[in-house]
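One structure is given here, and the rest of the page talks about it.
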Amino acid sequence: MAGEEESDKKNGFKVLGILDVQNTPCAREALLHGSGGSLAAGLLHFLATSRVKRSFDVGFAGFMLTTLGSWFYCRITNAQLRMQQRLIQDGIKNKVMYEGTSLDTISKPKEQEPSL
């Protein structure tokens with residue numbers, strides 16, 4: 001049982017034998033967006049001009065541009081999210097480490113006012 005589950009995890013869906021869609025971040029979404037962009041661009045060009053070969057070329061270009069644009073956008077967004085998470089984790093570590101000491105910047109002890 002456990003051996004079958006491990007082999008299923010290793011055998012992801014590969015595109016052209018090089019891109020493992022299951023394990024590569026943003027690959028699945030980028031390919032889905034690319035196929036939609038390809039269909040839309042090719043179909044609209046065909047309806048406008050009735051030229052089959054040129055419509056295929058426009059569809060292929062639409063696939064490439066949409067896939068790459070979607071993939072780069074997703075990767076950049078994920079990188080920014082990871083950077084924000086790292087900053088928050090470091091801040092939490094510092095908060096726990098310095099809490100209650102003189103280096104704690106959030107809760108400074110209040111100075112007592114002289115009573116009359």
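These figures come from a predicted structure and were not determined experimentally.
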Original post:
Out of curiosity, Thr67 OG1 to Leu32 CG, how far, rounded to the nearest 0.5 Å?
Top reply: 9.5 Å

Original post:
What residues, two or more places apart in sequence or in another chain, satisfy side chain to side chain donor-acceptor pair (under 3.5 Å) together with Thr49?
Top reply: His45

Original post:
Hey, is Lys53 close enough to Asp57 for a salt bridge, meaning N to O under 4.0 Å?
Top reply: yes

**OP:** Give the minimum heavy-atom separation between Asn78 and Pro25, together with the two atoms involved.
**Re:** ND2-CB, 4.5 Å

Subject >> Any residue meeting salt bridge (charged side-chain N to carboxylate O under 4.0 Å, His left out) with Lys93, in chain and number order, not counting sequence neighbours >> reply: none

Original post:
If Ile, Leu, Val, Met, Phe, Trp and Tyr residues are connected whenever their side-chain heavy atoms lie under 4.5 Å apart, and connections chain through other members, are Leu39 and Met64 in the same group?
Top reply: no

Original post:
Going from CE on Met97 to CD1 on Ile92, what distance comes out if it is rounded to the nearest 0.5 angstrom?
Top reply: 12.5 Å

Subject >> Gap between atom CD of Gln84 and atom CD of Gln89 - 0.5 Å precision >> reply: 12.5 Å

Subject >> Where Ala41 and Gly62 come nearest, the two heavy atoms and their spacing >> reply: CB-CA, 4.4 Å

Original post:
Of all heavy-atom pairs between Phe63 and Ser38, which one has the smallest distance, and what is that distance?
Top reply: CB-CB, 3.5 Å

Original post:
What heavy-atom pair brings Glu29 and Ser70 nearest, and what distance separates the two atoms?
Top reply: O-OG, 4.2 Å

Original post:
Out of curiosity, Thr77 OG1 to Phe72 CZ, how far, rounded to the nearest 0.5 Å?
Top reply: 13.0 Å

